[in-house]
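Owing to the predicted nature of the structure, the values given are computational and were not obtained by experimental measurement.
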Amino acid sequence: MKNKIRELREEIGWSQGELAEKCNVTRQTINAIENNKYDPTLQLAFRLAKVLNVTVDELFQVEEEER
């Protein structure tokens, strides 16, 4: 699953730590999600989308081979 977290976070000017704090997770969690090493829970996906002011659909895209 691809995501736009890094791109959106950098557009806003936040560090991984700042985004993590706003989402009540660790910086390491944000790093793992951005690097596609961890798929967030549904609850965290919605929290990330809300904090980044996008929909979950805009934030995460299923890659073709996953369909």
Side-chain angles (χ1 to χ4, degrees):
M1 181 179 311
K2 290 176 54 175
N3 69 71
K4 297 171 102 177
I5 295 171
R6 176 179 286 130
E7 177 185 325
L8 294 169
R9 174 181 60 75
E10 289 177 348
E11 281 179 18
I12 296 170
W14 291 341
S15 67
Q16 287 180 339
E18 289 170 313
L19 178 57
E21 187 175 312
K22 293 175 188 310
C23 292
N24 201 29
V25 296
T26 65
R27 183 200 59 78
Q28 290 84 350
T29 298
I30 299 298
N31 182 272
I33 296 169
E34 285 185 354
N35 289 301
N36 296 312
K37 295 183 179 189
Y38 173 72
D39 288 332
T41 63
L42 190 56
Q43 181 180 12
L44 179 53
F46 275 94
R47 195 175 322 138
L48 284 162
K50 182 176 182 178
V51 167
L52 293 168
N53 200 32
V54 294
T55 65
V56 173
D57 285 351
E58 292 171 310
L59 195 56
F60 296 95
Q61 298 87 38
V62 177
E63 297 182 72
E64 283 301 314
E65 63 269 7
E66 292 181 33
R67 291 181 183 200

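The backbone N or O of Lys4 sits nowhere less than 3.5 Å from a side-chain atom of Glu7 that would complete a donor-acceptor pair.
In the displayed structure, Glu11 atom CD is contacted under 6.0 Å by more than 12 heavy atoms of other residues, nucleotides or ligands. The environment of Glu21 atom CD is sparse: at most 12 non-hydrogen atoms of other residues, nucleotides or ligands sit within 6.0 angstrom.
For the atom pair OG1 (Thr41) and CD (Gln43), the distance works out to 5.5 Å, reported to the nearest 0.5 Å. Here the straight-line distance linking atom CG of Leu19 with atom CG of Asn31 works out to 11.5 Å at 0.5 Å rounding. With rounding to the nearest 0.5 angstrom, the CD atom of Glu18 is 12.0 Å from the SG atom of Cys23. With values rounded to the nearest 0.5 angstrom, Ile33 atom CD1 is found 5.5 Å from Leu48 atom CG. Taken to the nearest 0.5 Å, the CG atom of Asn24 stands 6.0 Å off from the CZ atom of Arg47.
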Note to self: Would Ile30 and Trp14 count as a side-chain contact (heavy atoms from CB on, under 4.5 Å) here? Give the steps.
What the structure shows: CA-CA 12 Å; Ile30 299 298; Trp14 291 341; over 6 Å; no
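Of all heavy-atom pairs between Arg27 and Gly17, the closest is CG-N, 3.8 Å. Nearest heavy atoms, Ala49 versus Leu59: N-CD2, 3.6 Å.
The salt bridge (charged side-chain N to carboxylate O under 4.0 Å, His left out) analysis of residues 29-45, with sequence neighbours excluded, yields the pairs Arg6-Glu34, Arg9-Glu34.
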